[in-house]
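Worksheet for the structure shown next.
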Amino acid sequence: PAYNESLNIIENVRSLLSSHYVNYDVIIVNDGSKDNSLELLIKAYDLVKVDYLINEQIKTKPLRAGVFKSTNPAFEKLIVVDKENGGKADALNFGLNISNSQYCACIDVDCLLLEDSLQKMIKPITDKQADVVFGSRMLSQGSALQGGMPKYKFIGNKILTYWQNLMSGAKLSEWHSGYRAYSTTSLKKTRYLDNSDYFDFDTEIILQMLDAQQRICEIPIPTFYGDELSRVNGIKYGWRVAKHTTKWRINKRRKNWKI
């Protein structure tokens, strides 16, 4: 998903295209950006509008400018979608409609990937050791702060993760990473279509994966914070994810009481 990411979208797409993984597509969903993100992508990657078969199994906001592919063979893996704004979950859903793969990796477009990171994310799934893989900034002690994560975000992440683990019984090092990989089989076992279009979508899907007894694995990822501005309202986000997790816990207890 991308929204008003003109400051770093070219560099970040370049990092995605540099992956050593063989069989993959890079799907950028420009979610109604009001800046010149699309124009920059068209110029940098020789994009042209194409007719593209979209499996509309998931209802989303409609296309705006359309679907674009590159005329340059070096960028053949790149697919750019320009659609009306619908939020993070809506953009991810559109990406799933575009994709034909049995695995999907989701990453916020303001993140940079190392060349071997996709292989590391997918390997536990392809090796049948996990159904879902999360990239964690908190597994390597001290690396998040060393990578420039603001202290207030670090503390907030720690507090929310502690509470969410306590409520859910999970043992995740963090609940709030934007880099995740799923098998499409695991996604079909959840009700993710009912989830929020806001950033708390990520917490809802973790809870649904726990309900579906899907195996969640974490791997460490490096952290680097640049000068880009965060578009997440921290108070709103924290309140919503804490509410979802607490509500999930209460519902679990009610089911146990009925038994």
Side-chain angles (χ1 to χ4, degrees), residues 1-19 21 23-113 118 178-182 184 187 192-202 205 226-233 237:
Y3 180 74
N4 291 348
E5 297 290 351
S6 61
L7 291 179
N8 47 34
I9 195 167
I10 300 304
E11 182 181 1
N12 295 348
V13 170
R14 188 175 296 116
S15 78
L16 294 172
L17 291 171
S18 68
S19 173
Y21 199 78
N23 184 22
Y24 76 105
D25 291 315
V26 175
I27 302 173
I28 305 297
V29 182
N30 188 41
D31 190 39
S33 293
K34 297 178 182 179
D35 63 6
N36 62 337
S37 294
L38 180 61
E39 289 75 16
L40 291 173
L41 287 168
I42 289 173
K43 182 177 180 181
Y45 295 107
D46 304 320
L47 300 179
V48 294
K49 186 176 179 180
V50 297
D51 292 325
Y52 201 94
L53 180 62
I54 301 173
N55 180 9
E56 297 183 11
Q57 58 180 340
I58 308 172
K59 185 177 179 180
T60 66
K61 292 288 186 179
L63 287 171
R64 188 171 62 172
V67 180
F68 296 79
K69 291 276 290 179
S70 178
T71 58
N72 187 334
F75 308 133
E76 64 178 350
K77 296 182 182 298
L78 179 61
I79 303 170
V80 174
V81 176
D82 185 75
K83 61 177 284 292
E84 292 184 7
N85 181 262
K88 180 176 180 177
D90 192 76
L92 289 173
N93 286 339
F94 205 109
L96 289 172
N97 283 343
I98 288 280
S99 175
N100 295 313
S101 175
Q102 65 182 122
Y103 311 114
C104 66
C106 308
I107 182 171
D108 296 335
V109 81
D110 58 354
C111 298
L112 292 171
L113 292 188
L118 187 56
Y179 188 25
R180 306 178 176 196
Y182 306 92
T184 53
L187 285 173
Y192 72 94
L193 295 180
D194 299 330
N195 292 352
S196 164
D197 284 332
Y198 191 62
F199 294 94
D200 52 333
F201 168 90
D202 290 335
I205 203 166
D227 298 328
E228 64 273 5
L229 296 175
S230 173
R231 294 184 175 83
V232 183
N233 182 319
Y237 172 78

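- Nearest heavy atom pair, residue Leu16 against residue Tyr24, reads O-OH, 3.0 Å.
- Of all non-hydrogen atoms in Glu76 and Lys69, the two that sit nearest each other are O-NZ, 2.8 Å.
- Closest approach of Tyr179 to Ile107, counting heavy atoms only: CD1-CB, 3.9 Å.
- Phe75 and Ala44 make their closest contact through CE1-O, 4.1 Å (heavy atoms, listed as atom of the first residue, atom of the second, distance).
- Expressed to the nearest 0.5 Å, how far CD1 of Ile9 lies from OG of Ser33 amounts to 6.5 Å.
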>> Quick one, Lys34 with Asn4, criterion side-chain contact (heavy atoms from CB on, under 4.5 Å). Give me CA distance, side-chain angles, the key distance, then yes/no.
In response: CA-CA 6 Å; Lys34 297 178 182 179; Asn4 291 348; 3.9 Å; yes
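- Shown here is Lys77, whose NZ atom has more than 12 heavy atoms of other residues, nucleotides or ligands within 6.0 Å.
- In this structure, the separation between OG on Ser6 and CG on Asn36 is 5.0 Å, given to the nearest 0.5 Å.
- Between the CG atom of Leu38 and the CG atom of Asn30 there is a distance of 5.5 Å, given to the nearest 0.5 Å.
- Between the side chain of Ser18 and the backbone N or O of Ser15, at least one donor-acceptor pair lies under 3.5 Å.
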> For Asp82 and Val80, what are the C-alpha separation, side-chain angles and deciding distance, and is it a side-chain contact (heavy atoms from CB on, under 4.5 Å)?
Replying inline: CA-CA 7 Å; Asp82 185 75; Val80 174; 5.7 Å; no
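- Atoms CD1 and OH, on Ile10 and Tyr45 in that order, are 5.0 Å from each other to the nearest 0.5 Å.
- For Gly95 against Ile27, the heavy-atom pair with the smallest separation is O-CD1, 3.8 Å.
- In the displayed structure, Asn23 atom CG is contacted under 6.0 Å by at most 12 heavy atoms of other residues, nucleotides or ligands.
- The nearest pair of heavy atoms linking Cys104 to Leu96 is SG-CD2, 3.8 Å.
- With rounding to the nearest 0.5 angstrom, the CG atom of Asn93 is 9.5 Å from the CD atom of Gln57.
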> Going through the distances and angles, do Tyr198 and Asn233 end up as a side-chain contact (heavy atoms from CB on, under 4.5 Å)?
Replying inline: CA-CA 10 Å; Tyr198 191 62; Asn233 182 319; 3.7 Å; yes
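- If you run side-chain contact (heavy atoms from CB on, under 4.5 Å) between Ile28 and each of Asn12, Ile79, Leu78, only Leu78 comes through.
- Under a 3.5 Å cut-off, the side chain of Tyr3 and the backbone N or O of Lys88 do not form any donor-acceptor pair.
- In this structure, CZ on Phe94 lies 7.0 Å from CD on Glu56, to the nearest 0.5 angstrom.
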>> Between Asp25 and Ser101, does the side-chain contact (heavy atoms from CB on, under 4.5 Å) criterion hold? Intermediate values first, please.
In response: CA-CA 9 Å; Asp25 291 315; Ser101 175; over 6 Å; no
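- For Asp35 and Ser37, the side-chain atoms include at least one donor-acceptor pair closer than 3.5 Å.
- For an aromatic pair to be called close, the ring centres must be under 6.0 Å apart, and Tyr237 with Phe199 fails this.
- Residues satisfying the salt bridge (charged side-chain N to carboxylate O under 4.0 Å, His left out) criterion with Lys83, sequence neighbours excluded, are Asp31, Asp90.
- Just one residue in the list Ile54, Asn97, Thr60, Ile98 forms a side-chain contact (heavy atoms from CB on, under 4.5 Å) with Val81, and that residue is Ile98.
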